[in-house]
Amino acid sequence: DQGAAALTYTQLSLTQPVTQLWRIRQAQQLSAAQTMGAVAERARAEADVRLTVERLYAAALIGRAREHAAELAMRVASRQGVDIEHAVAAGIDVSAQALGATASTLDAKYVVLAAADSALDAESELRSALALPVGTRLELVVPEVSSEALATLDVYTARGFAASPEVAAATAVLDQAHHATALARADYIPDLGVGVTMTTLSGVSFLPQHAVGLSIQGSWTIFDWGKRGALSRERAAQENAASIGVALARDRVSVEVER
């Protein structure tokens, strides 16, 4: 009761930081950008592996084709040698042609051996890239030629930007740098918090028994000897470098498409 001999005082305070919510949001966005960066790096690694396999596959196909062409050339040279031998048997003087045919046959045999060795090397590299046992026979199939009509350069460039893992990785790095800069600049914002205080007081006749108060609390570091400024400038420089990295990645894609 109010005015009683016993005094009872009860207070309950609830405080919610406000500035920290914005910092947490920036940290979450930075974490999401880092996750996207990891995904982009994985996609780039997969694209590198896929491109390597495709190049080795094409090299193996070209090696077999060259070997087949060299064998046909050797057959032609051998056939010419047989024709010259028949001419000599018939009493025709073709000694010069005979020497030329012999040289052509030897040269064709060398080309066949070189082509076969090149084809074996290409297939060996392909087996190594596919982690296949040594000696595994490869069934190579010539891919079908696409009948799709050619689009404009801008269309292919846009497709390259959208599909390039390198551009995706550079963009993810830029996003990380952007959120890291925002997080560094958040140190300049005062730490603010909103609180509610509920008070119960019994035993004092001239004061209300129940009271509710709203409070705003804040703190701010005035001098930090340039630490915040140095960190903010560092993050801004990293963001600028990441922006240049995105531009370079897009330029490389444009050059590859034009080729």
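Nearest heavy-atom pair across Ala180 and Leu30 is N-CD1, 4.2 Å. Here the closest heavy-atom approach between residue Ala47 and residue Pro165 is recorded as CB-CG, 3.6 Å. Contact between Leu183 and Ala27 at its shortest, heavy atoms only, is CD1-N, 4.2 Å. Glu239 and Thr181 make their closest contact through OE1-OG1, 3.2 Å (heavy atoms, listed as atom of the first residue, atom of the second, distance). Across all non-hydrogen atoms, the minimal contact from Leu56 to Glu125 is CD2-OE1, 3.3 Å. Nearest heavy-atom pair across Ala177 and Ala242 is CB-CB, 4.2 Å.
Taking a cutoff of 4.0 Å between a charged side-chain nitrogen and a carboxylate oxygen, Arg42 and Glu46 qualify as a salt bridge.
Side-chain heavy atoms closer than 4.5 Å link hydrophobic residues (I, L, V, M, F, W, Y) into clusters, and following such links, even through other members, never connects Leu248 to Val255. Taking hydrophobic clusters as Ile, Leu, Val, Met, Phe, Trp and Tyr residues chained together by side-chain heavy-atom distances below 4.5 Å, Val53 shares a cluster with Leu61. Val194 and Met198 fall within the same hydrophobic cluster, where Ile, Leu, Val, Met, Phe, Trp and Tyr residues are linked whenever their side-chain heavy atoms come under 4.5 Å apart, directly or through other members.
Annotation: Arg252, atom CZ; neighbour count of heavy atoms from other residues, nucleotides and ligands within 6.0 Å is above 12.
To the nearest 0.5 Å, atom CD of residue Gln176 and atom OG of residue Ser31 are 9.5 Å apart. To the nearest 0.5 Å, atom CZ of residue Arg25 and atom NE2 of residue His179 are 8.5 Å apart. Summarising the geometry, atom CD belonging to Glu166 is positioned 10.0 Å from atom CD belonging to Glu41; distances are rounded to the nearest 0.5 Å.
Inter-residue side-chain proximity for Val212 and Thr197 is flagged as unmet; no heavy-atom pair is nearer than 4.5 Å. Under the 4.5 Å side-chain criterion, counting only non-hydrogen atoms from C-beta, Val246 is not in contact with Val173. Proximity of Gln28 to Ile24: side-chain heavy atoms (C-beta onward) are separated by under 4.5 Å at one or more points.
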